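Read the structure below first, then the notes.
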Amino acid sequence: MPAYPSASFPAYRMRRLRRTPMLRRLVAETRISADQLVWPCFARPGRRQRRPVPTMPGVFQLSPDELVREAGRAVEAGVPALLLFGIPAAKDERASGAYARNGIVPQTIRSLKREHPDLLVIADVCLCEYMSHGHCGIVRTGAGGPRVDNDATLDLLARSAVCYAEAGADLVAPSDMMDGRVRAIREALDRQGFTDTPILSYAAKFASSFYGPFREAAESAPRFGDRRSYQMDPRNAEEAVREVALDIAEGADLVMVKPALACLDLIHRVKTTFGYPTAAYAVSGEYAMIKAAAERGWLDERAVTMETLLSMRRAGADILITYAAIEVAQWLREG
Ligand code: PBG
């Protein structure tokens with residue numbers, strides 16, 4: 001426990017250390033470095049395609065050639081990693097595009113690795129972008145209506161993860177929230193010889209309304225119902241800690257809390273409870289809020305972006321996943 005000063009003589013003056021920029025720099029407890037940034041991006045089929053995402057100004061669906069070029073900007077700015085999502089040419093009820101050898105994600109990974117071998121490629125593992133119904137797993141229709149079949153989904157997730165590792169992904173990041181997926185993915189990777197491929201688990205992922213713009217970007221909105229039967233209830237914190245504990249027990253190497261701003265309490269709890277490398281995902285809605293207010297001149301985009309990222313670092317996040325990663329890295333260079 002730190003010792004707290006008493007208010008008695010000699011009077012403790014908090015402002016002594018705030019007087020000049022250099023003093024403030026000397027005593028700053030938290031820093032943001034480009035080393036901590038991950039840039040999420042969306043790959044779509046084709047060539048020379050740059051489709052803007054209307055609700056996320058500055059974010060595009062990119063064909064592999066364009067994505068590789070944009071990744072070059074990330075490398076130049078000093079961003080060490082990207083998080084890759086795929087938008088397939090066709091969707092079906094088995095998400096076959098997710099684990100097709102020549103699907104959009106493996107194809108993009110191979111292009112990225114040819115051009116930027118050192119840039120870490122984190123492949124998101126989920127089925128919603130590849131399912132005609134937009135859910136994160138196999139849907140069965142029974143007496144009680146449609147439901148997502150947990151165990152039948154695990155095999156497809158594991159196949160997807162192996163497929164991305166084969167293409168050269170440095171890490172895989174399951175975001176589906178099926179129970180047991182980390183274990184299923186770990187076992188499948190190990191069986192195929194990918195014992196060194198780490199798993200970044202979306203461990204505490206809430207059913208959040210902040211994902212709206214992402215679903216437009218990834219064309220993955222569910223056609224019916226919502227994701228509340230598999231993603232977490234925002235009312236629950238103890239359960240989030242249990243989710244993280246399970247994922248670690250199943251073999252997660254890094255854990256994520258998502259969304260970030262609305263879950264700073266959990267970033268802190270997860271980091272202090274487990275001490276694992278912890279990622280905060282500043283999700284699409286967080287990005288969109290800042291962009292929208294900045295476009296109207298209501299907020300200073302750069303200052304607010306940095307302040308929010310700082311709050312995630314202060315809460316305990318080691319890794320910051322943000323759509324603004326490249327700009328942030330450039331701002332850090334400018335100083
Ligand atoms: C896929 C997935 C989602 C996000 C990351 N992976 C959407 C969802 O769960 O509906 C959200 C990311 C964001 O909003 O930026 N399951």
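Below, all heavy atoms of this structure are taken into account, side chains as well, without hydrogens, waters or symmetry copies. All residue numbers in this chain count up from 1 along the given sequence. For ligands, and for the atoms within them, numbers begin at 1 and follow the listed sequence. It should be emphasised that the depicted structure is a prediction, and the values quoted were computed from it without experimental measurement.
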For this session: Evaluate side-chain contact (heavy atoms from CB on, under 4.5 Å) for Val257 paired with Cys263, printing each intermediate quantity in order.
Result: CA-CA 7 Å; Val257 175; Cys263 299; 3.7 Å; yes
Consider ligand 1: state whether an atom of it lies below 4.0 angstrom from any non-hydrogen atom of [X].
X	answer
Met177	no
Lys258	yes
Glu129	no
Tyr287	no

Exercise. Does the ring centre of Phe42 sit less than 6.0 Å away from the ring centre of Phe214?
Worked result: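 They qualify: ring centres under 6.0 Å apart.
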Numbering the atoms of ligand 1 from 1, which are under 4.0 Å from a heavy atom of [X]?
X	value
Arg215	8 (C), 10 (O)
Tyr323	12 (C), 13 (C), 15 (O)
Cys128	1 (C), 16 (N)
Ser175	1 (C), 2 (C), 6 (N), 16 (N)
Cys126	1 (C), 16 (N)
Tyr211	8 (C), 9 (O), 10 (O), 11 (C), 14 (O)
Tyr281	12 (C), 15 (O)
Cys136	16 (N)

Consider only side-chain N and O atoms of [X] and [Y], and report whether a donor and an acceptor are under 3.5 Å apart.
X	Y	answer
Arg51	Gln61	no
Glu129	Ser220	no
Asn236	Arg242	no
Ser175	Asp124	yes

Problem set entry | Ring-face cation contact, Tyr323 with Lys291, 6.0 Å cut, 45° max |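 Relative to the ring axis of Tyr323, which defines the angle, Lys291 lies outside at least one limit.
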Exercise. To the nearest 0.1 Å, how far is atom 8 (C) of ligand 1 from its closest protein heavy atom, and which atom is that?
Worked result: Arg227 NE, 3.5 Å
For this session: If you have a sec, work out which protein heavy atom is nearest atom 2 (C) of ligand 1 and how many Å separate them, to one decimal?
Result: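 I find the closest protein heavy atom is Lys205 NZ, 3.3 Å.
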For this session: Look at atom 14 (O) of ligand 1 and find which of Pro174, Ala207, Ser284 reaches it with the closest heavy atom.
Result: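 Minimum heavy-atom distance to atom 14 (O) of ligand 1 goes to Ser284.
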For this session: Using atom types as modelled and distance alone, determine if a side-chain donor or acceptor of Asp170 lies under 3.5 Å from a backbone N or O of Val121.
Result: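 Answer holds: yes.
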Problem set entry | Side chain proximity check, Phe85 to Cys41, heavy atoms < 4.5 angstrom | no
For this session: Carefully, step by step, assess Arg215 and Ser284 under the rule side chain to side chain donor-acceptor pair (under 3.5 Å).
Result: CA-CA 9 Å; Arg215 292 177 189 167; Ser284 57; over 6 Å; no
